[in-house]
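Residue numbers begin at 1 in each chain, while the letters A, B, ... track the order of the sequences.
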Amino acid sequence: MAFAENHINTDVPEKDVFALHFLQTLSNLSTQNPFSSPDKKSDRVKKIKKAAYVSMARAAGCTDRLWSRALLQRAAKRNNKIVRFPRRRKRVTWLRRRSNRRDPVEEAAAERLRNLVPGGGEMKTSKLMEETAHYIKCLSMQVKVMQCLVDGLSPK
Amino acid sequence: MDLTGGFGARYDGGQEATGLESLHLGDELRQLPPDGFTALLELPPTQALKLLHFTDSPSSSPQAAPIAPPSFASNLALMERPARFSTEHQQNGTNLSGETTTSSSVKTEPAETNSSSQAVNNRSGKRKDSDNKPKSSTKKKNKSSEEKEKLPYVHVRARRGQATDSHSLAERARREKINARMKLLQELVPGCDKVCLSDTKIQGTALVLDEIINHVQSLQRQVEMLSMRLASVNPRIDFNLDTILASENGSLMDGSFNCTAMQVSWPHQVIETEQPYHQHRQLQQPQQWPFDVLNQRAWGREEDQDHGNDHNSLMVGSANLHPNQVKMEL
């Protein structure tokens, strides 16, 4: 359906944008805690993982997407930083839920998708799909960037 | 009805007659008032009457019109008919060509702001060539179709024998929207094409959704694995650029990194500007130099402008790095 894709915009930036954001975030990570050097690997892993997601959200367009906004807010909350976005919150009440989401089979899967995609709890199903498409694209781009990085850094 | 109401009003009222006449729809159409949407349908009057019964929303054409593109008549079934007229329309002059352009531009707008089923409306398809007919219209092509309007923007043609109350039609429009996005997702997710694309079965969509969910989960797991590997590769967490590049210098074979420009510029970037770089913690400052650079991929030149460093020596130095092999696939 060519017409349908015309108004669903799921472009993601180029790979180098993601790479850049990732490396910047990693550098910022190091400068955030200059005095504490966590020797435990799990902490490092968590920090790197979080840096990856945050940088991905930033690279993909900070406020353009619901999932990126939700992700950044979640990350900022953990850092106890106050982050303000011009957010359109959509309180989907239970009643509206019933009228919005009717197909039980599809909705069960959509529910799982909501749990996976950040910020998915409040979207309508059609919006969720759009966000998922963009999210998948950004995730794959981020994976490629990280793969390149790892390949480059790993000792031969 | 809003169909022709919108249609007529889109012509700013004054040119309704010409617009309709140009359609060559037949005599009965001229008899009908400009806001008789059935005129467009080209159906015999009996069927038109039958259709009229099912339309319960009053013709609110004048109000619908100023909302311009969204309210434009966009009946799914009209795709076929007006597709033929599209050539005529394009011949007919500025007004119609204006229609075409606006509708095509409207087509590219994100339609999410309006009602949900608008996306399905193929509004833009009304003026496009016949080869752009959306699939749904061909799917639903049938003679005795009923027509229903939910909002001023939505025109959905019901299938034969199906209920035409607002709820089911709204739901159907919504489902079509969801299906459109599902198809989009299917193309993204590898291995999803094996699942049957048609939405006739519930199992089809469920499988596709499962596949999508699996894909998202696998991507997230990959991110986690890679972050673990990164953490193990670098003993320290401080991913300074110089650390990365220093380690890269030692292990740069085999064409894993394809960022020649990056390699060139970053060493001296780091050396020269590491102090200011870390002083300015915010993302804004560092973004200045990379993004200019990124856009042009001439990092060396940008460096000169920004920092006045002569990178020639670095170019020479980087030559030792085998820039051909120092390639990160970007």
Visitor: Please assess B:Arg229 against A:Asp151 for the test side chain to side chain contact (heavy atoms under 4.5 Å, CB included), listing each intermediate value before the final yes or no.
Guide: CA-CA 10 Å; B:Arg229 284 180 66 186; A:Asp151 289 342; 4.2 Å; yes

Visitor: Looking only at heavy atoms, what is the nearest atom pair of A:Met146 and B:Ser227, with distance?
Guide: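 So the minimum-distance heavy-atom pair works out to CE-N, 3.6 Å.
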
Visitor: Can you tell me which portion of A:Phe18 sits under 4.5 Å from chain B's heavy atoms? Options are side chain, backbone, both or neither.
Guide: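 No part of A:Phe18 comes within 4.5 Å of chain B.
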
Visitor: Of all heavy-atom pairs between A:Val143 and B:Leu219, which one has the smallest distance, and what is that distance?
Guide: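 A:Val143 and B:Leu219 have their closest heavy atoms at CG2-O, 4.0 Å.
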
Visitor: To the nearest 0.5 Å, how far apart are OG in B:Ser218 and CG in A:Leu139?
Guide: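 It comes to 9.0 Å.
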
Visitor: Can you tell which part of A:Ala52 gets under 4.5 Å to a heavy atom of chain B, answering side chain, backbone, both or neither?
Guide: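 Only the side chain of A:Ala52 comes within 4.5 Å of chain B.
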
Visitor: Kindly compute the distance separating CD (B:Glu224) from NZ (A:Lys46), expressed to the nearest 0.5 Å.
Guide: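 These two atoms lie 10.5 Å from each other.
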
Visitor: For the NZ atom of B:Lys177 and the NZ atom of A:Lys127, what is their distance to the nearest 0.5 Å?
Guide: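 NZ of A:Lys127 is found 8.5 Å from NZ of B:Lys177.
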
Visitor: List the steps, then state whether side chain to side chain contact (heavy atoms under 4.5 Å, CB included) holds for A:Met129 with B:Leu185.
Guide: CA-CA 7 Å; A:Met129 303 243 161; B:Leu185 277 174; 3.9 Å; yes

Visitor: Just wondering, do B:Leu188 and A:Tyr135 contact through their side chains at under 4.5 Å, heavy atoms?
Guide: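 A side-chain contact is absent here, since even the closest heavy-atom pair is not under 4.5 Å.
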
Visitor: At what distance, to the nearest 0.5 angstrom, does CD of A:Glu130 lie from CD1 of B:Ile178?
Guide: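 These two atoms lie 12.0 Å from each other.
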
Visitor: Look up atom CG in B:Leu209 and atom CD in A:Glu111, then write down how far apart they are to the nearest 0.5 Å.
Guide: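 Going from the CG atom of B:Leu209 to the CD atom of A:Glu111 covers 12.0 Å.
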
Visitor: Report the option among B:Gln220, B:Met228, B:Gln217, B:Met225 that has the most heavy-atom pairs separated by less than 4.5 Å from atoms of chain A.
Guide: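 Ranked by heavy-atom pairs under 4.5 Å with chain A, first place is B:Gln220.
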
Visitor: When rounded to the nearest 0.5 angstrom, what distance separates CZ in A:Arg112 from CD1 in B:Ile212?
Guide: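 That separation rounds to 11.0 Å.
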
